[in-house]
Amino acid sequence: MTNTQTMIQGDCLDLMMGMPDAAFDAIITDPPYSSGSSVMNSKSDPRDKYNLSQAFPSFRNDSHDQRIHMLWTIHWLSLALRITRPGGWLMLFSDWRQLPLVSDAMQLTGWTWRGVVVWDKTEGCRPNPGMFRQQCEYILYATNGSRMPGPRCFPAGIFRASIPSRKNRHHMTGKPVALMEHLMTVLPAQSKILDPFAGSGSTLAAAQNLGHAATGIELSPAYYRIACNRLGLALAS
Ligand SMILES: C[S@@+](CC[C@H](N)C(=O)[O-])C[C@H]1O[C@@H](n2cnc3c(N)ncnc32)[C@H](O)[C@@H]1O
């Protein structure tokens with residue numbers, strides 16, 4: 001299969017501004033959640049929040065306060081809408097804390113919100129004494145106006161998969177490739193996908209497996225290199 005994956009290092013807010021209208025069939029992305037912002041100050045490092053035994057590079061834009069996070073989310077979602085073709089998809093990860101902010105931002109920017117897929121991370125998640133286990137993350141999905149025709153399929157709205165194991169983990173908040181492939185079930189063959197917050201390239205790895213073309217943008221030079229190595233892409237000089 002030819003490699004139709006591209007990684008770009010830079011700030012997606014700048015880069016999306018220069019992209020043509022209607023360039024992509026789908027935006028599938030997992031932006032920083034800033035979900036600790038009510039209890040952490042703006043200098044917080046995601047390495048403290050996720051507190052993993054495995055060492056990973058840190059990343060930016062995960063510690064906005066709620067107002068800044070709303071403005072920032074509205075800004076990039078507006079850019080994303082313009083570069084998505086009419087009828088194209090948005091699939092956007094969030095945790096429980098930021099669900100209201102993300103669904104508001106999505107609707108305020110003109111996306112047509114259509115539902116939520118639940119990622120069930122299984123009982124392998126850290127327990128929460130006296131409380132329910134925080135076992136789920138969410139993928140809000142929307143379209144740019146009326147949905148474009150796609151394959152006839154009936155994918156489940158809940159996907160159960162453990163957080164990637166040490167061996168398969170390339171990012172502090174890396175998502176399972178099987179989950180990303182499940183999200184792509186509804187896309188027409190050979191779609192053009194953009195992941196503006198690509199991290200270690202899980203969206204691109206799934207797109208590669210399914211024969212879609214994908215572009216990833218990643219701000220951190222360290223994660224850009226990790227994604228390129230993972231996907232077998234040459235680093236830009
Ligand atoms: C939650 S992680 C994505 C992880 C990814 N789903 C994976 O499986 O590896 C979000 C990523 O967005 C990147 N990021 C933050 N702000 C950005 C920006 N303005 N432009 C591009 N990337 C950005 C961070 O460096 C981080 O790697």
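Position 1 is the first residue of the sequence, and the numbers go up from there. Note that ligands are numbered from 1 as they come in the structure, with each ligand's atoms numbered from 1 the same way.
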J.: Can you tell me which residue and heavy atom of the protein come closest to atom 16 (N) of ligand 1, and the distance to 0.1 Å?
T.: N61 ND2, 2.9 Å

J.: Counting only N and O atoms by type, is there a donor-acceptor contact under 3.5 Å from the side chain of D62 to the main-chain atoms of Y33?
T.: yes

J.: Against S202, only a single residue in K175, R230, H170 fulfils side-chain hydrogen bond (donor to acceptor under 3.5 Å, both in side chains); can you say which?
T.: R230

J.: May I ask you to identify the nearest protein heavy atom to atom 20 (N) of ligand 1, giving residue, atom name and distance to one decimal place in Å?
T.: C12 N, 2.9 Å

J.: On the 0 to 90° scale, with breaks at 30° and 60°, tag the W89-Y141 ring pair as parallel, tilted or perpendicular.
T.: tilted

J.: Could you check whether the rings of F93 and W119 sit parallel, tilted or perpendicular, using 30° and 60° as the cut-offs?
T.: perpendicular

J.: Do side-chain atoms of Q135 reach the backbone of D120 as a donor and acceptor pair under 3.5 angstrom?
T.: no

J.: Which residue and non-hydrogen atom of the protein lie closest to atom 24 (C) of ligand 1, and at what distance in Å?
T.: E218 OE2, 3.4 Å

J.: List the closest protein heavy-atom neighbour of atom 1 (C) of ligand 1: residue, atom name, distance to the nearest 0.1 Å.
T.: T173 OG1, 3.0 Å

J.: Above 12 or not: heavy atoms from other molecules or residues under 6.0 Å from CD of Q190?
T.: no

J.: Does H170 come within less than 4.0 angstrom of ligand 1, counting non-hydrogen atoms of the residue?
T.: no

J.: So is A227 touching ligand 1 or not, going by heavy atoms under 4.0 Å?
T.: no

J.: I'd like to know whether CZ of R82 has more than 12 heavy-atom contacts from other residues, nucleotides or ligands below 6.0 angstrom.
T.: yes

J.: Which residue owns the protein heavy atom closest to atom 6 (N) of ligand 1, what's the atom, and how far is it?
T.: D30 OD2, 2.8 Å

J.: Between H75 and W72, is the ring centre distance below 6.0 Å?
T.: no

J.: Looking only at N/O atoms, are H171 and ligand 1 under 3.5 Å apart anywhere?
T.: yes

J.: Identify, for atom 19 (N) of ligand 1, the protein heavy atom at the shortest distance, and state residue, atom and that distance.
T.: D11 OD1, 2.9 Å

J.: Donor-acceptor check, side chain of Y223 to backbone of H171, threshold 3.5 angstrom: yes or no?
T.: no

J.: Without swapping roles, check the side chain of H64 against the backbone of P32 for a donor-acceptor pair under 3.5 Å.
T.: no

J.: Counting only heavy atoms closer than 4.0 Å, does ligand 1 sit against the backbone of R60, its side chain, both, or neither?
T.: backbone

J.: Test of understanding: with side-chain hydrogen bond (donor to acceptor under 3.5 Å, both in side chains), list the residues that count as partners of N168, not counting sequence neighbours.
T.: S165

J.: I'd like to check whether G174 has a polar contact with ligand 1, where a contact means an N/O of the residue lying under 3.5 Å from an N/O of the ligand.
T.: no

J.: Can you list the atoms of ligand 1 that are under 4.0 Å from a heavy atom of S200?
T.: 7 (C), 8 (O), 9 (O)

J.: Could you tell me which atoms of ligand 1, counted from 1 in the order shown, lie closer than 4.0 angstrom to a heavy atom of F59?
T.: 24 (C), 25 (O), 26 (C)

J.: Write out the residue and atom name of the closest protein heavy atom to atom 14 (N) of ligand 1, then the distance separating them to 0.1 Å.
T.: F197 CD2, 3.7 Å

J.: When only distance counts, is S202 in polar contact with ligand 1, meaning an N/O pair under 3.5 Å?
T.: yes

J.: Mark up the atoms of ligand 1 that fall under 4.0 Å of a heavy atom belonging to P196, in ascending order.
T.: 21 (C), 22 (N)

J.: Among all protein heavy atoms, pick out the one at the shortest distance from atom 22 (N) of ligand 1; state its residue, atom name and that distance to 0.1 Å.
T.: L219 N, 3.1 Å

J.: Which ligand 1 atoms does G10 reach within 4.0 Å, using its non-hydrogen atoms?
T.: 20 (N), 21 (C)

